[in-house]
Amino acid sequence: MSKKNYILEMFPYPSGNIHMGHVRNYVIGDICARYHKLKGDDVIHPMGWDAFGLPAENAAIQFKTHPQDWTLSNIQNMKSQLQKLELDLDWDKELATCNEDYYRYQQELFIDLYNAGLAYKKDALVNWDPVDQTVLANEQVIDGRGWRTGAQVEKKNLSQWFFKITHYAEELLNDLDKLELWPEKVKTMQRNWIGKSYGAEIKFKISGENEYLNIFTTRPDTIYGATFIAVSVNHPIVKKSLSNFEIENIKKEFERMDGDKEKLGYKIKLSCDHPILSKKIPIYIANFVLDTYGEGAIFGCPAHDERDFDFAKKYSLPIIKVIDCDDNQLPFTEDGLLVNSPLLNGLNKNEAIKKIILFLKKEKIGDEKINYKIRDWGVSRQRYWGCPIPVIYYNDGSYRVLDKSELPVLLPYDVNLEGKGNALLNLSGWRNIVCPKTNQPAQRETDTLDTFVDSSWYYIRFLNNKLSKPFDVEQVNEFLPVDKYIGGIEHAILHLLYSRFFMKALRDIYSLKVDEPFKQLFTQGMITHKTYRTKKNEWIMPKEIISKDGKLFRIKDSEPVEEGPSEKMSKSKKNVIEPDEILDNYGIDATRIFMISDSPPDRELEWTDEGIQSSKNLIHRIERYFSKPMTDLKDDTEKNVEKFVNNIEKNILNFSLNKCVADIYTLFNYLEKENIYLYNSKLSNKILICIFPIIPTLSISLNKYLFNSSNFKEWPSIKTDLLIEDEINLPIQIHGKLITTIQTKKGYDEKIILDDIYKLDKIKNKINDKKIVKVINVQDKIINIIIS
RNA sequence: GCGCCAGUGGCGGAAUGGUAGACGCGCUGGUCUUAGGAACCAGUGGGCAACCGUGGGGGUUCGAGUCCCUCCUGGCGCACCA
């Protein structure tokens, strides 16, 4: 049975046009897919569309069209652009997430997750993007701003749907170790995001009340140094001592400070009893306490924490040293011996942590605790163009998740997108229904699912896009994980973490045998291009520029142009190269060659006119080569072709595609230098097969021309005996420095060859009257002579 | 601040601890052509040379671009994470 091989590129968002980044991505995948097909593997290589999402809605408003029309026509256009690239894709597996036959099965999965306790609804303080008028997941907030709009994110309390990704926090973390074929960088980013830390949870009794404040700390050993408590402004305790008006004012004050590291605090009336010492410590609302981490409350130990130290200084709070150090070392955050801590004196950090936890446990005021930074995934989006969440609400506020038999909940087409916010809210005809189960009036959920939900399982749906259920268990067990997943590193956390969560959740719900969705992850680098602008800071497209006497000018008005650094291609900087134009001018093969030739695929590729031109020259050169009549071979011709086959194979498997291009040059340099023309010999056939994955159109046309054949047999098996070199160039070193080399046969006799070596002038001159102390002969590799 | 990755000719980049600079671009000289974003030939790390050369300094080794320590520089990610 042939080996399955699932090769997948991250599917595109149908924004309108294919860009060069897509081309590079899909060429890399296409080379793999073509190679594996020649190897006889059962290759799956599908393509689809990540078709829901905000840009469609925004474009619809701007261009007075409909998100669906806009999206579907973009898909059509981009598909025809992809087809121009003649990629070897399984178009029969195509899917678009905005189509009913995709998202209705996603609604089924939502129900599955709900029934498994992995989807739930709660009031939560969420990240609100005021421009897009929707909630964002934590992962989508960057530096306090929305990842798409760049708008300052606001905190808002809304009832939202969540997926319980925290349930898998530990497994998501541990299984990263199993992903040997993932870049270390991505794994590190995910580890940091999950953010596991060991510590303790300690209960602080609120003075005079029968209530406690829970606090997570990684440094319970410093408990004797606690001189204040600080809580987030959103902590429940705040509501007990301040009015809403006061709280709002504090929030505003904090927001004004945002971005700054300046500490700000407000003391409240309540205080806590120190859990061990009989004293009261004040409670502050502080701007540096995160409400999304731990319990949203900390105890401040100013002597041994920088932030607490700053805060204590500003508000003149006591600083009690509990780890031995010089006073000028404060705040001292390193390991040391405990002082001023009756139970812990003389212990080091780890010993003290162990001991204090035992004590807290015994006193029932605390325990060991592992905390994760990762929060549950908020999936509700207050937008129209997404997958409807299959839930209805009754007038009493209760809700019901629909049965699978009640699906699909279709996204209505006729909506008015002109208003602010979610158009579904105003669509009473769609929204108001009578519940078929209770016969009571009810309203549909108007939030839609985050589009990252769509992309969390599309690789599963690809296996059978026509099935009348989300997927087939047997098929998933057989074909997953995806063997090679290729895409941009910008999805290192979001998409890749969500997909891993989905795979694990579905595994548990459907008893799948798959733990991880992507066995190998390859992150390709971006494409950059020089930027150009006039003195007036107008960006200019490269094709608008002419070079005169080494200076650059804008063609239309001879305005001088300055060349800037190479940056990621972007429309705003006008340094974009359009794939359509390149394909028309240079053809598919030259485009493919350039996509892989100048840099390793995981690094940045700088677009240059010389680069694409030399790629085209290579294509012409190969064409010319095969048009010349056959000549005799030389002794080493077959060996060189074998080496070529071997290298290409090795380099495709390693994703060292830039080296594949070098291999092609090396082969043709040799053949032309030696005046060996292979025309339609057996060796030509081998060469054509090997270049087929890389430059398929040329390879196919040469195959037709030379062999009158329209298909290729399998990848050539390598004659390994031919790869062995018997003649070698043996380097001779003295003290590890190269002096000369000699031609010899492998398996030489050390004594005999040394006699010859000592006769060499270069060696003789070096040795002179000195004594030979030692000779290191690494057989068939190198000889190193040590002299006195 | 923390973490990760990287630093090799004019440029992009090659080098299982064993001849540093494969291959390409660019450049120099020449050939061919009515012309060519073409092709062909020769050359191209530095230095006249002995020699010197993989960010700096140490170390391990017969031998280091590669391994270890340390510092510097750059990129990316996270960032008041208790």
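Chain identifiers are assigned alphabetically (A, B, ...) following the order of the sequence lines, protein sequences preceding nucleic acid strands; residue numbering begins at 1 within each chain. What you see is a predicted model; the values in this text were computed from it and never measured. Heavy-atom basis, side chains included; hydrogens, waters and symmetry copies ignored.
Taking a cutoff of 4.0 Å between a charged side-chain nitrogen and a carboxylate oxygen, A/Arg191 and A/Asp177 qualify as a salt bridge.
Comparing the same atom, C1', in B/A6 and in B/U54 gives a spacing of 13 Å after rounding to whole Å. As rounded to the nearest Å, B/U28 and B/U73 have C1' atoms that lie 34 Å from one another. Of the P atoms belonging to B/G58 and B/G65, the separation is 15 Å, rounded to the nearest Å. The P atoms of B/G24 and B/C5 are separated by 32 Å, rounded to the nearest whole Å. The separation of B/A15 from B/A22, taken at their C1' atoms, amounts to 8 Å, rounded to a whole angstrom. For the C1' atom pair drawn from B/G12 and B/G59, the interatomic distance equals 33 Å after rounding to whole Å. When the C1' atom is compared between B/G9 and B/A14, the two are found 13 Å apart, to the nearest whole Å. Between B/G17 and B/G7, the distance separating the two P atoms is 15 Å to the nearest Å.
No option in A/Ile237, A/Ile281, A/Ile215 other than A/Ile281 meets the side chain to side chain contact (heavy atoms under 4.5 Å, CB included) test with A/Cys272. Of the candidates A/Phe299, A/Tyr315, A/Phe311, A/Phe311 is the only one forming a ring pair (Phe, Tyr, Trp, His ring centres under 6.0 Å) with A/Phe228.
Residue A/Arg621 has its side chain nearest to B/C40 when only B/C40, B/C80, B/G75 are considered. For A/Asn617, whose side chain is taken as the heavy atoms from C-beta onward, the closest listed nucleotide among B/C23, B/C40, B/A38 is B/A38. Candidate nucleotides B/A42, B/C25, B/G12 were compared by shortest atom distance to the side chain of A/Lys673, and B/A42 ranks first. Which of B/G18, B/C80, B/C23 sits closest to the side chain of A/Asn287 comes down to B/C80. Minimum atom distance to the side chain of A/Asn658 is reached by B/A14, of the listed B/A14, B/A38, B/C62.
Taking the syn range as angles within 90° of 0, the glycosidic angle of B/G47 is outside it, so the base is anti.
Between B/C52 and A/Lys737, a contact under 4.0 Å exists linking OP1 or OP2 to a side-chain N or O. Phosphate contact (OP1/OP2 of B/G24, side-chain N/O of A/Tyr665, threshold under 4.0 Å): absent. Within the structure, every side-chain polar atom (N or O) of A/Lys616 is placed at least 4.0 Å from both OP1 and OP2 of B/A39. One finds no side-chain N or O of A/Asn371 lying less than 4.0 angstrom from the OP1 or OP2 phosphate oxygen of B/C81. The side chain of A/Asn669 contributes an N or O atom lying less than 4.0 Å from OP1 or OP2 of B/G24.
Heavy-atom contacts from other residues, nucleotides or ligands closer than 6.0 Å to NZ of A/Lys354 number 12 or fewer.
Separating the CD atom of A/Glu604 from the P atom of B/G74 is a distance of 16 Å, rounded to the nearest angstrom. The separation between A/Ile370 atom CD1 and B/C81 atom P is 20 Å, rounded to whole Å.
Between the base of B/C23 and the side chain of A/Lys659 there is no donor-acceptor pair shorter than 3.5 Å. At a cut-off of 3.5 angstrom, counting only N and O atoms as typed in the model, there is no donor on one side facing an acceptor on the other between the side-chain of A/Asn192 and the base of B/C78. In this model, no side-chain donor or acceptor of A/Glu610 finds a partner on the base of B/G37 within 3.5 Å.
Donor-acceptor pairing under 3.5 Å is recorded for the side chains of A/Asn617 and A/Gln613.
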Quick one, A/Ile356 with A/Leu344, criterion side-chain contact (heavy atoms from CB on, under 4.5 Å). Give me CA distance, side-chain angles, the key distance, then yes/no. CA-CA 7 Å; A/Ile356 193 70; A/Leu344 309 170; 4.1 Å; yes

